[in-house]
Amino acid sequence: MKVLIVGSGGREHAIAWKVAQSPKVEKIYCAPGNAGIAEYAECVDIKAMEFEKLASFAKEHAVDLTVIGMDDPLVGGIVDVFESHGLRVFGPRKNAAILEGSKAFSKDLMKKYHIPTAAYENFDRAEDALAYLETAKMPIVLKADGLALGKGVLICNTLEEAKEGVKEIMTDKKFGQAGSRMVVEEFMTGREVSVLTFVDGKTIRTMTSAQDHKRAGDGDTGLNTGGMGTFSPSPFYTKEIDAYCKEHIYQPTVDAMRAEGREFKGIIFFGLMLTEDGPKVLEYNARFGDPETQVVLPRMKTDIIDAFEACIDGTLDQIDLEFENNAAVCVVLASDGYPVSYKKGYPIEGLETFKGKDGYYVFHAGTANGADGSIVTNGGRVLGVTAKGDDLKQARANAYKAVEWVRFENKYYRHDIGKAIDEA
Ligand code: AMP
Ligand code: GLY
C-alpha cells in the first residue's frame, strides 16, 4: 500500500521509520517532510495546512492511507476534508480534535464526566479573570484556550505575575487568537507522565508510557520548549496507576466524546500529573507526542499499519499492542539559544555513524539539505538521538554516547535527560 504522512518534525520522522517497517507498505510520501524523512519517504512540497492540495495529491497518487502527525491540521479539519473526498485517513475529525484545540472545552468535558483534573474556571473577558485572581490561591496556572505551540501555559507564583499573565494572554494577545479565552487552573505538583493511546471511537489501547523534559536547561531550569528529551517507560507509572487511569481517565474520556456526538478516532495523548490525590489530567493532545514518539515507537512490536487501520475500521478490540520489554531514551540536539533566538544553516557531521547500528536512531526535527549533498541545521530543535537499552540506565548511557557521534556548530543539549529514573 501507499502511505502519505503529513508533518515535518522528529515525530513524523519516527512515524515514517515505523511505517517503513511494515511489510504491507510499498511507498511512503511525506508532506512536507524533512532531510531525514527523505531516507524512507518521497518528500512532497505541500504544506500541512493546504488541505485541498494534499487531498488532490493523495488522489492523484492513489494513496491508500494518510496519517496526520501534527495538531494544527487536525484541529483545522484536515480529516473532514480527506473524508469528503472519499480518502482513508488516520486522525480525529475537527469536532473531536477540539479535545486538544480548546482547553476550555476539554476542562468542561472532564468536569461533566468526572474525569480527574485540576480545579479551574474559564474566562472570556480579562476583567472577569482579574477579579477572580484577587481571591485565588497562588501559585496558579493560566492557559490560553487554543493552540499555542505548547507555549500558552503560564505558571504564576504571585498575584502580580498572574495579573501580568492575563494581560499577556487576553489583552496583548501574545499567543494570538488562542488567547481569546483563557483557563485559570489550580497548580498541581507531582511527576508528569505522557501516555499515548490508539482510539477507534469506542475502544482504547494504551502504548507504553514516557516522560518529557519541557524546560530548556539542566535541572528543569529556563524556558519551556517543545521538549528537550524523553524516556520510556516511566518507572513511576506503575501497574496500579495504569489500572486506575484506564478505569477513571482513559475509557471515560473516549465514552464522553462519543456521548457528546464527537466520536474520537486516532491518537489521544494523555498528559498526566501523578499527584498525592492520584493521577490527574494536565492536558489532552489529539496526536502523537513530540519527542515522546521518538522513544515509544522504537519499542513497539506491533505493525503500526494494523493499529491505524483498526482505529479507522472500529476493530481495535481485536488488536493486542505489543511493546519490547526494554527502555529507550531520546536526547534532543538543539541550536544554542533555542527557544528564543538561534542561528541555523550549519553543516551536520556524523549522521552516518548511526547506519546499521541496531537500537540507535537519529530522528530529524529541523534539518535541510545544504549545498553539495550535506545536511544542515534548520531549526531550534535539530535532531533527536534515541537509543535503546535493556533498562533505562543502559538506554541513557547509550543515548549520551550516541550524542557524541553528531557534530555541528552551536550544538546544545540537556545533560540530565532521564536523571529522574535514579530516584525510582
Ligand atoms: P500543558 O500544555 O497543559 O501540558 O502545560 C505545559 C506544562 O505546564 C505541563 O507539562 C506542566 O509542566 C505545566 N502545567 C500545566 N498545568 C499545570 C497545573 N495545573 N499545575 C502544575 N503545572 C502545570
Ligand atoms: N511533548 C509534548 C507534546 O508533544 O505536546
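All heavy atoms count here, side chains included; hydrogens, waters and symmetry mates do not. Order of appearance sets the numbers: ligands from 1, and atoms from 1 within every ligand.
- Every atom of ligand 2 is numbered from 1 in the order shown, and the set under 4.0 Å from a heavy atom of Asn285 is 5 (O).
- The atoms of ligand 1 that sit less than 4.0 Å from any heavy atom of Lys103 are 2 (O), 3 (O).
- Only side-chain heavy atoms of Val141 come within less than 4.0 Å of ligand 1; its backbone N, CA, C and O stay farther off.
- Contact record, Lys214 with Glu192: NZ-OE1, 4.2 Å, taken as the closest heavy-atom pair.
- If you look at Thr230 next to ligand 2, there are no close heavy atoms at all, none under 4.0 Å.
- Atoms of ligand 1 lying under 4.0 Å from at least one heavy atom of Phe187, given by number and element, are 20 (N), 21 (C).
- Judged as a ring-ring contact (aromatic ring centres under 6.0 Å, His included), and not counting sequence neighbours, the contacts of Tyr132 are Phe123.
- Ser8 and Asn34 share no side-chain donor-acceptor pair at under 3.5 Å.
- Between the side chains of Asp212 and Thr230, not a single donor N or O lies within less than 3.5 Å of an accepting N or O.
- Here is the list of ligand 2 atoms found below 4.0 Å of a heavy atom in Asp212: 1 (N), 2 (C).
- The contact set between ligand 1 and Met273, taken as ligand atoms under 4.0 Å from a residue heavy atom, comprises 21 (C), 22 (N).
- Residue-ligand proximity: Arg11 is placed with every non-hydrogen atom at 4.0 Å or more from ligand 2.
- Closest to atom 20 (N) of ligand 1 among all protein heavy atoms lies Met188 N, 2.8 Å.
- Contacts with ligand 2 closer than 4.0 Å are made by side-chain heavy atoms of Arg287 only, the backbone lying farther away.
- Side chain to side chain, Thr117 and Lys107 meet the donor-acceptor criterion of an N or O pair below 3.5 Å.
- Residue contact check: Lys143 has heavy atoms under 4.0 Å from atoms 3 (O), 15 (C), 16 (N) of ligand 1.
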Cut-off 3.5 Å, no hydrogens considered: what does the side-chain donor-acceptor table look like for residues 261-270, sequence neighbours left out?
unit_1: Arg262; atom_1: NH1; unit_2: Asn95; atom_2: O; d: 2.7
unit_1: Lys265; atom_1: NZ; unit_2: Ile312; atom_2: O; d: 2.7

Can you list the steps and then say if Glu100 with Leu74 is a side-chain contact (heavy atoms from CB on, under 4.5 Å)? CA-CA 9 Å; Glu100 171 165 8; Leu74 287 169; over 6 Å; no

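- Closest protein heavy atom to atom 8 (O) of ligand 1: Val153 CG1, 3.6 Å.
- Distances below 4.0 Å separate heavy atoms of Glu185 from the following atoms of ligand 1: 16 (N), 17 (C), 18 (C), 19 (N).
- Residue-ligand proximity, Lys214 to ligand 1, at heavy-atom distances under 4.0 Å covers atoms 10 (O).
- Annotation: Lys214 places no N or O atom under 3.5 Å from an N or O atom of ligand 2; distance criterion only.
- Protein heavy atom in closest approach to atom 2 (O) of ligand 1: Glu283 OE1, 3.2 Å.
- The environment of NZ in Lys53 is sparse: at most 12 heavy-atom neighbours from other residues, nucleotides or ligands sit within 6.0 Å.
- Counting only non-hydrogen atoms, the option in Ile155, Leu142, Leu272, Val183 that gets closest to atom 22 (N) of ligand 1 is Ile155.
- More than 12 heavy atoms of other residues, nucleotides or ligands lie within 6.0 Å of NZ in Lys2, so this atom counts as buried by the packing criterion.
- Below 4.0 Å from some heavy atom of Gly289 lie the following atoms of ligand 2, by number and element: 4 (O).
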Go through the steps for Thr208 and Tyr237 under the test side-chain contact (heavy atoms from CB on, under 4.5 Å), then give the verdict. CA-CA 10 Å; Thr208 180; Tyr237 187 79; over 6 Å; no

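- For the residue pair Tyr120 and Asp108, a side-chain donor N or O sits within less than 3.5 Å of a side-chain acceptor on the partner.
- In summary, the atoms of ligand 1 found under 4.0 Å from a heavy atom of Leu282, numbered by their order in the structure, are 3 (O), 14 (N), 15 (C), 16 (N), 17 (C), 18 (C), 23 (C).
- Lys401 and Tyr360 share a donor-acceptor pair across their side chains, judged by distance under 3.5 Å alone.
- No side-chain donor-acceptor contact under 3.5 Å links Tyr250 and Thr197.
- Contact between Phe269 and ligand 2 is present, with at least one heavy atom of the residue lying under 4.0 Å from the ligand.
- Atoms of ligand 1 lying under 4.0 Å from any heavy atom of Glu192, numbered from 1 in the order shown and given with element: 9 (C), 10 (O), 11 (C), 12 (O).
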